[in-house]
There are 2 protein chains.
Amino acid sequence: MRRRPVARPAAGAGMEELLTPGLDRVQHSDMDQMNPTFDAPAAAPTAMKAYSSADAIACLRSAGVPVTHQRIEIARVLFSAPVHLSADQIWASVREHSPDVSRATVYNTLRLFSEKHLVRELFVDPQRIVYDSTTSPHFHLYNMDTGEVRDLADDELRILGTPRLPEGTVLQEIDVIVRVRNRHD
Amino acid sequence: MRRRPVARPAAGAGMEELLTPGLDRVQHSDMDQMNPTFDAPAAAPTAMKAYSSADAIACLRSAGVPVTHQRIEIARVLFSAPVHLSADQIWASVREHSPDVSRATVYNTLRLFSEKHLVRELFVDPQRIVYDSTTSPHFHLYNMDTGEVRDLADDELRILGTPRLPEGTVLQEIDVIVRVRNRHD
DNA sequence: ATGTCTGCAAAGGCTTTGCATCCGT
DNA sequence: ACGGATGCAAAGCCTTTGCAGACAT
């Protein structure tokens with residue numbers, strides 16, 4: 001098998017925010033099932049500003065992830081700033097400071113992180129997963145030519161409405177990807 | 001190389017509709033850069049209702065795709081009804097009627113079809129591309145447990161706003177994927 | 001001391017490519 | 001005859017897995 005069966009753990013609380021990042025001032029339209037408004041998106045339990053190893057350790061601990069040297073290095077790459085990186089890019093970054101980290105460990109750790117909601121997996125291109133270190137609800141802009149991923153500001157794009165979910169299913173998340181290309185190709 | 005460099009041909013006309021499928025009655029909110037309204041989404045040049053080989057041939061011709069036996073079979077699988085199928089599923093369907101079609105031909109043809117905008121590629125899961133035979137602008141609902149893809153009705157979810165595109169880039173499309181899971185796992 | 005994590009290499013799945021062959025025009 | 005499409009198999013890429021050894025608590 002190439003990848004775990006298409007299934008990831010439930011996001012638990014904080015799901016509804018995904019529907020309306022920054023919907024605060026949008027007027028209700030003719031759509032009856034408007035979503036409630038949220039002021040402060042319930043971001044991940046911990047993240048960002050983990051420049052130091054101490055921060056990274058705290059971040060991992062509070063997510064219930066056993067702390068190891070490699071995980072600290074990976075966390076520092078991810079959480080020192082908001083980034084969008086592929087697994088191999090992360091591996092390369094980690095290797096700059098710790099050449100002793102294997103690719104398999106990076107891949108396994110990234111999957112663990114995403115299960116613990118420390119990062120978000122973006123399926124922006126079928127051939128590689130992009131890891132987003134920002135876990136609060138937001139949308140994305142993807143440059144198909146450069147492969148670059150950028151977060152969209154809350155006020156750039158909003159979603160309106162509540163889709164009718166099939167019976168027996170629960171909302172997991174909503175992905176919005178704005179794809180752009182370079183002009184004149 | 002595993003896949004063509006991340007780039008597909010420009011969609012050309014009909015791009016803007018992607019922003020607002022069914023936005024007809026949405027009131028303008030505080031967002032200054034609202035999108036204009038479109039009544040009839042400019043669907044693909046041809047598609048659907050291609051039950052007969054004759055229909056499939058007409059469909060291919062008007063898309064500028066040279067007609068071959070295999071392409072007719074693939075078109076019939078795709079355009080007899082709105083479907084969401086992986087390349088291998090399409091290959092299997094084609095083989096039921098024409099066991100003489102190779103997997104490589106199906107993969108190559110599907111890429112050709114998507115370049116000609118006869119089908120749309122959905123990156124719903126990083127491990128396989130799902131081909132959507134409906135090319136008019138619409139959003140998707142994805143069951144992460146079953147792998148099932150469903151179209152969202154226009155009135156179920158709407159997008160509001162125009163993202164600020166990076167300089168030198170052109171909007172290509174907007175993907176919205178609502179991910180659900182089966183209850184109680 | 002025990003359980004877990006790591007590293008390495010090999011497997012695995014989906015997709016693409018190369019090349020000879022076959023077909024339509 | 002010629003250009004292009006097909007088939008087959010092999011290559012390729014990203015990701016996962018298995019297992020022995022190392023580590024933390």
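Numbered from 1 within each chain, the chains take letters A, B, ... in sequence-line order. In what follows, every heavy atom counts, from backbone to side chain, and hydrogens, waters and symmetry copies are set aside.
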Quick one: does [X]'s side chain have a donor or acceptor within less than 3.5 Å of a partner on [Y]'s backbone?
X	Y	value
A:R179	A:V124	yes
A:W91	A:V101	yes
A:S62	A:C59	yes

Specify the separation, in whole Å, of atom [atom1] of [X] and atom [atom2] of [N].
X	N	atom1	atom2	answer
B:W91	D:dT6	CH2	C1'	14 Å
A:R95	C:dG7	CZ	P	9 Å
A:I57	D:dA24	CD1	P	12 Å
B:F113	D:dA5	CZ	P	12 Å
A:D125	C:dC14	CG	C1'	13 Å

Nucleotide N/O to protein N/O under 3.5 Å, stretch nucleotides 20-25 of chain C:
none

Kindly indicate whether the side chain of B:L60, heavy atoms from C-beta on, has any atom under 4.5 Å from the side chain of B:L118.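 With C-beta onward as the side chain, the pair touches.
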Closer than 4.0 Å, any side-chain N/O of [X] to the OP1 or OP2 of [N]?
X	N	result
B:T105	D:dG7	yes
B:R103	D:dC8	no
A:R111	D:dT17	yes
B:Y107	C:dT15	yes
B:T68	D:dT6	yes
B:Q127	C:dC14	no

5'-to-3' dot-bracket of DNA chain C (Watson-Crick, G-U; under 3.5 angstrom; crossing pairs as [ ]; | other strand): |||||||||||||||||||||||||
Write down the atom of B:E156, the atom of B:A153, and the distance for their closest heavy-atom approach.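 In this case the closest contact between B:E156 and B:A153 is OE2-N, 2.8 Å.
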Taking for each residue the nucleotide of DNA chain D bearing the nearest heavy atom, is the 5' side occupied by A:D88 or by A:N108?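 Looking at DNA chain D, the more 5' nearest nucleotide goes with A:D88.
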Roughly how far, to the nearest 0.5 Å, is the CG atom of A:D151 from the CG atom of A:D132?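 Spacing of CG (A:D132) from CG (A:D151) equals 5.0 Å.
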In terms of ring plane angle, is the pair A:F79 and A:F113 parallel, tilted or perpendicular, where the classes change at 30° and 60°?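 Rings of A:F79 and A:F113: parallel, as their planes differ by under 30°.
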